[in-house]
Q: 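Structure provided below as structure tokens; questions to follow.
Below, read A as the first sequence line, B as the second, and so on, with proteins coming before strands; counting in each chain starts at 1.
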Protein chains: 2
Amino acid sequence: MASDHSLNMLVRRLDSIATLSDAERQAIESLPARTRVLKPGQDIVRDGDQPSQCCLLLSGWACRYKVVGEGKRQILSFHIPGDIPDLQSLHLHTMDHSLGTLTEATVAFIPHESLRELTVRSPGVGAVLWRETLVDAATFREWMTGMGRRSAYERIAHLFCELYLKLEAVELAGEHRCPWPLTQVDLGDATGLSNVHVNRTLQEMRGQGLITLRGCTLVIQAWDELIRASEFDPTYLHLEKRAT
Amino acid sequence: MASDHSLNMLVRRLDSIATLSDAERQAIESLPARTRVLKPGQDIVRDGDQPSQCCLLLSGWACRYKVVGEGKRQILSFHIPGDIPDLQSLHLHTMDHSLGTLTEATVAFIPHESLRELTVRSPGVGAVLWRETLVDAATFREWMTGMGRRSAYERIAHLFCELYLKLEAVELAGEHRCPWPLTQVDLGDATGLSNVHVNRTLQEMRGQGLITLRGCTLVIQAWDELIRASEFDPTYLHLEKRAT
DNA sequence: CGAATCCTTGACACTCTTCAAACTGTGTGG
DNA sequence: CCACACAGTTTGAAGAGTGTCAAGGATTCG
């Protein structure tokens, strides 16, 4: 069925949230999946589409976004390996936004039908998947709060904290250092700022010795300070492991 | 069990999304529920709480919000009768925001335990509830986009369109006229603006003959114009009825 | 009738945007 | 190995949009 063990990634992810039984593990691993490699900047699903499959990100980064007016883009979320960025399409049949890659990426497509069967047969897995979409929503709330009530500096600092912790949770970061494939334009589109202002804000942050951002690596030099500056509270990421 | 027929509201709501079987209807109506009447401005759950029940709004308005810094408030969503504003607490055990009333309100509390049982025994109902939380998330995405990339005028106009349609869907509005219990401070906290700027923007909208907003009633005098000005596209509300 | 709440107004400050240009780094083909 | 192109970053100057503060006016309700 699944090429190699692409679905193993999903098992590990869900198991890190709520312990899976062997049967559940089995059920997930035997989902059908088609794997593909995509180039950077490629759309996976588009606003208005009615997809019949979900996409599990195996490697690389992706983002969801909307376009308003004449070309203004708002990035809604960033996604890293282990995420299913369009899981909501399982129950919302028309896409209200687009999903695209930011880097070269490997994705596995899983038919809606198989996922729906899975959630009915294994309500425990269903609950964990539902939970994933709820964490997603919690992140939207946090970003909203930032765009409504935080300064540019705070918003960017907050995003650094968030992404670092998410990467660390899947062992793609550590020691306050993580891969950073985002351009300043991406950062601006995610925080609701112009790229120019992002640039100036980053310089300020560097000036205060909080971060280093060169090439494709972010180094957080003063984690505590970054947390304080952005009033970051990781509760909304709901990273702790729970029993079902 | 349920006092009177408070749960009938939930049946009607879910049935308007996906047709329920008699058994499902039955299962919902026999959920245990405690009904209470709350005063305006009262908190129902608070940031940091670990609730063991969800709250079905029977009458009145509520909102979810976060507080940042020294008292700055961001409203995350508005809720009207038929909504379960804290449904996410079913799977996210710690609240990352608060929920409070805006007007006098009647709510029915339903234990998590009973809801979890229901979703396992009736996967169809589970799917519809999951879907409700996904529509919620879709609305967060739309608000984010507004705060990141739309002007004050567009944001407020957009909100008018959204709330009017949501109220109309539960027959609390019609003929481009609806109840409007929100103050200009509330409106500002929802759109990420100051109350002063909300005031000036509303005057501009009135000046252009788009709306009337007096007492506790909003009248939309130029619906098409309002839609156009805010680039409103109702897709994200996912209001169409679907089969399960 | 008074008190509270909400709305409105003015003046001013500031964050952030826009536009346009120059600069840097990196990969590619000759 | 250099020249070039391209994508991304940096800089400056000017201005729009929105926030803040503070005070006065209008409603509503008991």
Q: Under 4.0 Å between a side-chain N or O of A/N199 and OP1 or OP2 of D/dT10?
A: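 The answer is yes; a side-chain N or O of A/N199 sits under 4.0 Å from OP1 or OP2.
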
Q: Can we say A/E142 and B/K66 salt-bridge, meaning some charged N sits less than 4.0 Å from an Asp/Glu carboxylate O?
A: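 Answer for the salt bridge query: yes.
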
Q: Look at A/R206 and D/dT10 and indicate whether a side-chain polar atom (N or O) is within less than 4.0 Å of OP1 or OP2.
A: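 For D/dT10, OP1 or OP2 has a side-chain N or O of A/R206 closer than 4.0 Å.
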
Q: Taking atom P of D/dG19 as reference, at what distance in whole Å does atom NZ of B/K72 sit?
A: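 It works out to 11 Å between those atoms.
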
Q: Picking from B/L182, B/T101, B/D83, what satisfies side chain to side chain contact (heavy atoms under 4.5 Å, CB included) with B/W61?
A: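 That would be B/L182.
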
Q: May I have the distance from A/Q184 (atom CD) to C/dT17 (atom P), rounded to whole angstrom?
A: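 Between P of C/dT17 and CD of A/Q184: 13 Å.
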
Q: Distance check needed: C/dG10 C1' versus B/N195 CG, whole Å only.
A: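 Result: 15 Å.
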
Q: Only one of B/N195, B/T201, B/N199 forms a side-chain hydrogen bond (donor to acceptor under 3.5 Å, both in side chains) with B/Q184, so which one is it?
A: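 Looking at B/N195, B/T201, B/N199, the match for B/Q184 under the side-chain hydrogen bond (donor to acceptor under 3.5 Å, both in side chains) is B/N199.
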
Q: Where the side chain of B/V196 is concerned, which of D/dT18, D/dT9, D/dA22 is the nearest nucleotide?
A: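 That would be D/dA22.
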
Q: Measure CD/A/E204 against C1'/C/dT15 and give the value in whole Å, please.
A: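 The answer, rounded to whole Å, is 12 Å.
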
Q: Which residue, B/L76, B/V45, B/D86, forms the side chain to side chain contact (heavy atoms under 4.5 Å, CB included) with B/H97?
A: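 The residue from B/L76, B/V45, B/D86 that satisfies side chain to side chain contact (heavy atoms under 4.5 Å, CB included) with B/H97 turns out to be B/L76.
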
Q: Tell me which of B/V198 and A/V185 sits closer to the 5' end of DNA chain D, going by the nucleotide each one is nearest to.
A: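 Its nearest nucleotide being more 5', the pick is A/V185.
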
Q: Contact class for A/S194 (heavy atom, under 4.0 Å): base, sugar-phosphate, or nothing?
A: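 It contacts base atoms.
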
Q: Give the rounded distance in Å between these two atoms: CG of A/D189 and C1' of C/dT17.
A: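 Rounding to the nearest Å, CG of A/D189 and C1' of C/dT17 are 14 Å apart.
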
Q: To the nearest Å, how far apart are B/M147 CE and C/dT17 C1'?
A: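 That distance rounds to 19 Å.
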
Q: Heavy atoms under 4.0 Å, any strand shown: does B/G192 hit a base, just sugar-phosphate, or nothing?
A: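 Contact class for B/G192: sugar-phosphate only.
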
Q: If we check side chain to side chain contact (heavy atoms under 4.5 Å, CB included) with A/V107, which of these qualifies: A/C54, A/P81, A/S59, A/C55?
A: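 In the set A/C54, A/P81, A/S59, A/C55, the residue that makes a side chain to side chain contact (heavy atoms under 4.5 Å, CB included) with A/V107 is A/C55.
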
Q: A/T201 or A/G215: which one's nearest nucleotide on DNA chain C is closer to the 5' end?
A: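 Looking at the nearest nucleotide for each, A/T201 comes out on the 5' side.
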
Q: Are OP1 or OP2 of C/dT9 and a side-chain N or O of B/Q203 less than 4.0 angstrom apart?
A: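 Answer yes for this pair, as a side-chain N or O of B/Q203 is under 4.0 Å from OP1 or OP2.
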
Q: Could one point to a donor on the side chain of A/R200 or the base of D/dG12 with an acceptor on the other under 3.5 Å away?
A: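 Yes, a donor-acceptor pair under 3.5 Å.
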
Q: Return the value, rounded to whole Å, for the distance between atom CZ of B/R214 and atom P of C/dT8.
A: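 B/R214 atom CZ is separated from C/dT8 atom P by 10 Å.
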
Q: I need the CG-P distance between B/L202 and D/dT18, as an integer number of Å.
A: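 About 13 Å, once rounded to whole Å.
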
